[in-house]
Amino acid sequence: MDEIMDTDMHFRTQLQQRDLLWGPFFTSGDIVAAEAIGRIDCDAVCVDLEHGLFDQRDLSACILALKSAQKYVIIRVRQNEPSLIGQALDLGADAILCPHVNTKADAKRLAAACRYKTGRGYSGATRANGFGARGMDTHCDTEDARVAVIAQIEDAEAVENIDSICAVEGLDAIFIGRSDLTVSMGHRDRNHSDVIKAVETVAASGQAAGLAVGTFTAELSEIAHWQQCGISLFLLGSQIGFMVSGGQAFAECFRNAADS
């Protein structure tokens with residue numbers, strides 16, 4: 001476990017350096033599925049508690065499987081609640097992605113919950129601490145330096161408040177939830193000009209504040225454009241989507257073979 005923990009020290013650094021990082025969402029609490037997705041050539045996996053199906057034991061097992069595969073683990077928590085954030089960090093998350101950060105107060109609450117120096121609850125007997133392998137000082141300092149804090153911007157209200165959100169001390173990145181943002185803005189097309197403009201505005205604000213910026217897109221052809229806008233973290237697809245698209249592709253291949 002110590003070797004696995006040592007590999008975790010660089011996600012926040014890579015994020016801050018604007019290294020190109022990508023990973024899928026993981027939405028099921030099945031450890032075998034976690035093992036399998038850990039074999040994908042990606043940098044991180046975003047374990048999605050907001051929309052996924054996990055109990056606490058499922059979550060712990062899946063994080064262990066992903067870390068064993070040497071993948072960074074981003075946990076998208078269900079809500080901006082310190083107890084939920086603390087549980088995810090104790091299990092060894094490399095980053096917290098918090099949905100619906102709409103105001104400066106939301107961002108401050110998130111940042112505070114992720115750092116021992118500002119409110120994260122302490123327990124020494126956790127996976128994050130090697131189950132007691134490090135003393136309190138070392139563990140608290142290491143975790144405060146290691147954990148990445150990512151605010152998800154996915155509401156029209158957040159776009160209006162983006163400069164004040166990005167100015168909050170303790171944030172490392174913002175992540176633009178384009179689908180929810182589309183709906184929040186009253187549209188049903190992620191490519192609507194208003195949505196694209198909002199994404200570009202948010203990305204520019206994050207860059208100006210010295211934050212890394214991430215996003216979701218359904219179109220891989222857009223990646224180069226969003227890189228030019230300063231976006232370096234891409235969370236794309238999911239194990240469910242891969243299963244369905246892979247199955248559909250296989251079915252098409254079967255039909256073609258049978259007809260030939």
Side-chain angles (χ1 to χ4, degrees), residues 7-27 37-38 40-52 63 66-67 69-77 85 88-89 93-101 107 110-111 114 145-155 158-159 162 165-166 168 170-181 190 195-196 198-239 241-242:
T7 66
D8 295 343
M9 300 302 290
H10 306 295
F11 179 74
R12 187 182 183 206
T13 300
Q14 288 191 256
L15 193 63
Q16 292 174 334
Q17 290 176 169
R18 313 297 189 267
D19 292 349
L20 178 63
L21 301 167
W22 94 274
F25 287 98
F26 183 74
T27 58
I37 207 166
I40 293 175
D41 183 16
C42 60
D43 303 290
V45 175
C46 182
V47 177
D48 188 3
L49 305 187
E50 184 187 15
H51 297 295
I63 291 174
L66 292 168
K67 285 186 167 293
Q70 304 296 304
K71 291 294 185 286
Y72 295 129
V73 178
I74 303 167
I75 302 293
R76 178 156 70 179
V77 293
I85 291 169
L89 292 176
D94 299 294
I96 295 295
L97 174 60
C98 182
H100 300 291
V101 175
L110 165 63
C114 291
R146 182 185 75 87
V147 170
V149 184
I150 308 172
Q152 185 154 323
I153 306 301
E154 54 186 335
D155 297 280
V159 177
I162 191 60
I165 291 171
C166 290
V168 170
L171 295 186
D172 296 297
I174 54 173
F175 181 84
I176 304 164
R178 185 164 153 194
S179 295
D180 275 15
L181 181 58
R190 285 186 293 247
V195 177
I196 298 301
V199 173
E200 291 172 345
T201 297
V202 171
S205 182
Q207 276 198 295
L211 302 179
V213 182
T215 197
F216 163 86
T217 176
E219 303 294 336
L220 295 182
S221 60
E222 296 180 351
I223 298 295
H225 169 73
W226 294 123
Q227 283 185 276
Q228 292 173 359
C229 292
I231 294 176
S232 57
L233 172 65
F234 293 89
L235 298 180
L236 311 170
S238 70
Q239 95 281 3
F242 296 156

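This one's a predicted model, so the numbers in the text were calculated from it and none came from an experiment. Starting from 1, each residue takes its place in the sequence as its number.
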When rounded to the nearest 0.5 angstrom, what distance separates [atom1] in [X] from [atom2] in [Y]?
X	Y	atom1	atom2	answer
Cys46	Phe25	SG	CZ	4.5 Å
Ile85	Leu110	CD1	CG	5.0 Å
Phe175	Ile231	CZ	CD1	9.0 Å
Leu97	Ile174	CG	CD1	11.5 Å
Arg18	Leu233	CZ	CG	11.0 Å

Check your understanding: Mind checking what makes side chain to side chain donor-acceptor pair (under 3.5 Å) contact with Ser179, not counting sequence neighbours?
Key -> Arg190
Point to revise | With His51 via side chain to side chain donor-acceptor pair (under 3.5 Å) - residues at least two apart | key: none
side-chain contact (heavy atoms from CB on, under 4.5 Å) partners for [X], two or more places apart:
X	result
Ala44	Phe11, Tyr72, Ile74
Leu20	Gln227, Phe234
Ala107	Val101, Ile165, Val168, Leu171
Gln17	Thr13, Asp19

Exercise for review: If a pair satisfies side-chain hydrogen bond (donor to acceptor under 3.5 Å, both in side chains) and one of its residues is in residues 203-220, list it, with sequence neighbours excluded.
Suggested key: Asp163-Ser205, Thr217-Glu222
What are the two closest heavy atoms between [X] and [Y], and how far apart are they?
X	Y	answer
Ala203	Val213	O-CG2, 3.8 Å
Ile75	Ala88	CG2-CB, 3.8 Å
Val45	Phe26	CG1-CB, 3.6 Å
Ser232	Ala212	OG-CB, 4.5 Å
Pro99	Arg76	CD-CG, 4.3 Å
Val149	Cys114	CG2-CB, 3.6 Å

Point to revise | Glu154 side chain to His100 backbone, donor-acceptor under 3.5 Å | key: yes
Point to revise | Donor-acceptor contact present, side-chain Lys71 to main-chain Ile40, <3.5 Å | key: yes
Measure the shortest side-chain to side-chain distance between [X] and [Y] over non-hydrogen atoms and say whether it is less than 4.5 angstrom.
X	Y	result
Ile153	Leu181	no
Lys67	Asp94	yes
Arg178	Ile196	yes
Leu235	Phe216	no

Study note, to complete from the structure: With sequence neighbours left out, the residues meeting salt bridge (charged side-chain N to carboxylate O under 4.0 Å, His left out) with Asp172 are Arg12, Arg115
Exercise for review: Evaluate side chain to side chain contact (heavy atoms under 4.5 Å, CB included) for Ile37 paired with Leu66, printing each intermediate quantity in order.
Suggested key: CA-CA 8 Å; Ile37 207 166; Leu66 292 168; 3.7 Å; yes
